[in-house]
There are 2 protein chains.
Amino acid sequence: MQSTDAKTGKQPAKIAGGFNCINDFLSEHGIKPTRQRVAIATHIFETEQHLSADTILERVNDDATTTNVSKATVYNTLKLFVREGILKEVALDPQRILFDTNTHHHHHVLNLDNGDIRDIQPVSINLSEIEGLQQHHNISDVDLIIKVRDNKD
Amino acid sequence: MQSTDAKTGKQPAKIAGGFNCINDFLSEHGIKPTRQRVAIATHIFETEQHLSADTILERVNDDATTTNVSKATVYNTLKLFVREGILKEVALDPQRILFDTNTHHHHHVLNLDNGDIRDIQPVSINLSEIEGLQQHHNISDVDLIIKVRDNKD
DNA sequence: ATGTCTGCAAAAAATTTGCAGTCCC
DNA sequence: GGGACTGCAAATTTTTTGCAGACAT
């Protein structure tokens with residue numbers, strides 16, 4: 001697709017490690033691939049799937065091969081990514097707001113004993129059990145979080 | 001039940017509007033009914049069911065008949081109430097962490113167009129659809145939020 | 001040069017901590 | 001008086017805003 005090339009006719013700056021597919025990925029989603037955004041995206045999309053804003057800041061700035069960024073930029077960039085649909089913000093718990101690289105419709109299993117998060121396929125929920133719903137409303141999203149503890153047996 | 005009376009033999013301070021059932025309610029749950037806590041509890045349990053920390057602060061301090069409290073006290077008291085099980089903290093959305101006076105197991109319907117929240121009965125979810133769950137884990141909670149928009153037709 | 005956009009310092013908002021003052025006994 | 005607990009000022013953490021500089025025409 002190479003949208004940046006097509007428009008400007010010049011190659012974007014090379015990214016650490018030789019990845020410029022991240023650039024293309026951002027461009028394809030209408031996000032100008034600046035150094036800061038590429039640094040953040042690289043860390044988000046190449047490590048774990050569920051990360052908090054300050055874990056991301058930490059990782060980006062600990063990595064000497066990518067630009068350092070300010071906290072404000074991390075927040076603003078993450079919000080931008082959510083707005084452009086390449087990231088999803090998930091409130092797993094009042095204490096744990098995370099960003100999820102899986103933007104498809106899915107649910108989560110949260111292990112309360114060790115904090116692990118696992119994605120699960122959409123579950124069939126019988127919406128007709130819920131009174132007074134289908135007449136007036138369009139369902140726009142269904143958030144489901146199953147909280148489990150390790151079996152002590 | 002009047003547990004405060006039974007223990008100390010003296011009547012707790014009269015609450016605005018003549019309610020001292022709030023005192024008893026707190027006492028029954030092992031929470032010493034101080035002026036600040038009673039003020040906060042009065043507002044939480046007598047108005048809407050879903051409130052944010054700063055709405056609660058605002059309401060308590062706007063009401064001339066109840067003690068004024070600091071922001072810190074509102075936070076600490078709400079956390080205490082959650083710990084003692086008379087209140088539930090709900091992450092409806094990354095941007096909306098609310099306190100819910102309904103501590104029974106239930107779910108929520110959130111109207112994205114007007115912000116309204118409605119409680120719904122627990123829905124039957126077929127957990128056997130979820131691979132690798134029942135063997136290793138005890139389900140400790142199931143959070144379900146159905147986000148709807150008003151039908152435009 | 002000029003209008004648009006970016007990144008971040010500083011501001012604001014949200015939450016937690018630490019400790020002075022109270023309340024029992 | 002002394003141990004335990006309460007409420008809040010201050011500290012910390014999280015998030016947002018506003019604007020100086022960069023960038024593309």
Side-chain angles (χ1 to χ4, degrees), chain A residues 3-13 23 26-27 29-43 51-58 60-61 66-84 87 89-99, chain B residues 3-13 23 26-27 29-43 51-58 60-61 66-84 87 89-99:
Chain A
S3 58
T4 301
D5 292 4
K7 269 227 280 262
T8 66
K10 87 173 173 215
Q11 198 61 245
N23 286 33
L26 294 179
S27 298
H29 287 272
I31 299 165
K32 199 193 286 185
T34 64
R35 276 183 305 125
Q36 289 84 346
R37 290 171 181 177
V38 172
I40 293 168
T42 300
H43 284 272
L51 293 165
S52 67
D54 70 319
T55 305
I56 294 167
L57 176 72
E58 216 168 79
V60 171
N61 289 343
T66 55
T67 325
N68 276 31
V69 296
S70 74
K71 223 173 198 201
T73 298
V74 171
Y75 278 99
N76 292 339
T77 302
L78 292 174
K79 272 179 49 176
L80 172 69
F81 286 0
V82 169
R83 213 160 48 236
E84 299 302 332
L87 209 55
E89 197 173 3
V90 184
L92 264 196
D93 221 67
Q95 275 65 42
R96 275 185 91 188
I97 310 273
L98 301 178
F99 292 88
Chain B
S3 57
T4 302
D5 292 2
K7 270 229 276 260
T8 66
K10 90 172 172 216
Q11 198 60 245
N23 287 33
L26 295 178
S27 298
H29 287 272
I31 298 165
K32 199 194 285 186
T34 64
R35 274 182 306 123
Q36 287 84 344
R37 290 170 180 178
V38 171
I40 292 167
T42 301
H43 283 272
L51 292 165
S52 67
D54 70 319
T55 305
I56 294 166
L57 176 73
E58 215 168 78
V60 170
N61 288 344
T66 54
T67 325
N68 276 30
V69 296
S70 74
K71 221 171 199 202
T73 298
V74 171
Y75 278 99
N76 292 338
T77 301
L78 292 174
K79 273 180 50 176
L80 172 69
F81 287 0
V82 170
R83 213 159 48 238
E84 298 303 331
L87 208 55
E89 199 173 1
V90 184
L92 263 198
D93 221 67
Q95 274 65 43
R96 276 184 89 187
I97 310 275
L98 300 178
F99 291 89

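Just so we're on the same page: letters track the sequence lines, and every chain starts at 1. What you see below is based on every heavy atom in this structure, not just the backbone, and it leaves out hydrogens, waters and symmetry mates.
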Trainee: Between B/K71 and C/dT15, does any side-chain N or O lie under 4.0 Å from OP1 or OP2?
Mentor: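 False: B/K71 side-chain N/O out of range (4.0 Å or more) of C/dT15 OP1/OP2.
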
Trainee: Taking A/R37 for its side chain and A/K32 for its backbone only, find out whether a donor-acceptor pair lies under 3.5 Å.
Mentor: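 Flag set: sc A/R37 to bb A/K32 pair under 3.5 Å.
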
Trainee: Just so I know, are the side chains of B/Q36 and B/T77 near enough to count as touching, which here means a heavy-atom distance under 4.5 Å?
Mentor: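 B/Q36 vs B/T77: side chains apart.
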
Trainee: Can you tell me how far the CG atom of A/D93 sits from the CD atom of B/E89, to the nearest 0.5 Å?
Mentor: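 Output value for this atom pair is 8.0 Å.
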
Trainee: Figure out the CG/C1' separation between B/L51 and C/dA14, and round it to whole Å.
Mentor: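 That distance rounds to 17 Å.
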
Trainee: At under 4.0 Å between heavy atoms, which parts of nucleotides 5-12 of chain D does protein reach? Answer with one letter per nucleotide, 5' to 3': B base, S sugar-phosphate only, - none.
Mentor: -SSBB---

Trainee: Which whole-number value in Å describes the distance from A/L98 CG to D/dT14 P?
Mentor: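 In whole Å, D/dT14 P lies 13 Å from A/L98 CG.
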
Trainee: Between A/K79 (NZ) and C/dG7 (C1'), how many Å, whole number?
Mentor: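 Spelled out: NZ on A/K79 to C1' on C/dG7 is 14 Å.
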
Trainee: Within this structure, what is the CG-CD1 distance for the pair B/L78 and B/I97, rounded to the nearest 0.5 Å?
Mentor: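 Between atom CG of B/L78 and atom CD1 of B/I97 there are 13.0 Å.
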
Trainee: Please examine the side chains of A/L80 and A/R83, heavy atoms only from C-beta on, and report whether any two atoms are closer than 4.5 Å.
Mentor: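 Contact flag for A/R83/A/L80 side chains = yes.
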
Trainee: Please give, in whole Å, the distance from C/dA14 P to B/Q95 CD?
Mentor: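 After rounding, the reported distance stands at 12 Å.
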
Trainee: Roughly how many Å is it from CZ in A/R83 to P in D/dT16, rounded to a whole number?
Mentor: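 Checked: the CZ to P distance equals 11 Å.
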
Trainee: Take the protein atom CD1 of B/I97 and the nucleotide atom P of C/dT16, then report the distance between them rounded to whole Å.
Mentor: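 Nearest whole value for this atom pair: 11 Å.
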
Trainee: Rounded to whole angstrom units, what separation is found between the CG atom of A/L78 and the P atom of C/dT6?
Mentor: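 Rounded to the whole Å, the gap is 15 Å.
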
Trainee: Any idea which heavy atoms bring B/V60 and B/T67 closest together, and the distance?
Mentor: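 Closest approach of B/V60 to B/T67: CG1-O, 3.5 Å.
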
Trainee: Take atom CG of B/D54 and atom P of C/dT16, then tell me their distance rounded to the nearest Å.
Mentor: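 It works out to 14 Å between those atoms.
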
Trainee: OP1, OP2 of C/dT16 versus side-chain N and O of B/Y75: anything below 4.0 Å?
Mentor: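 No, B/Y75 has no side-chain N/O under 4.0 Å of OP1/OP2 on C/dT16.
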
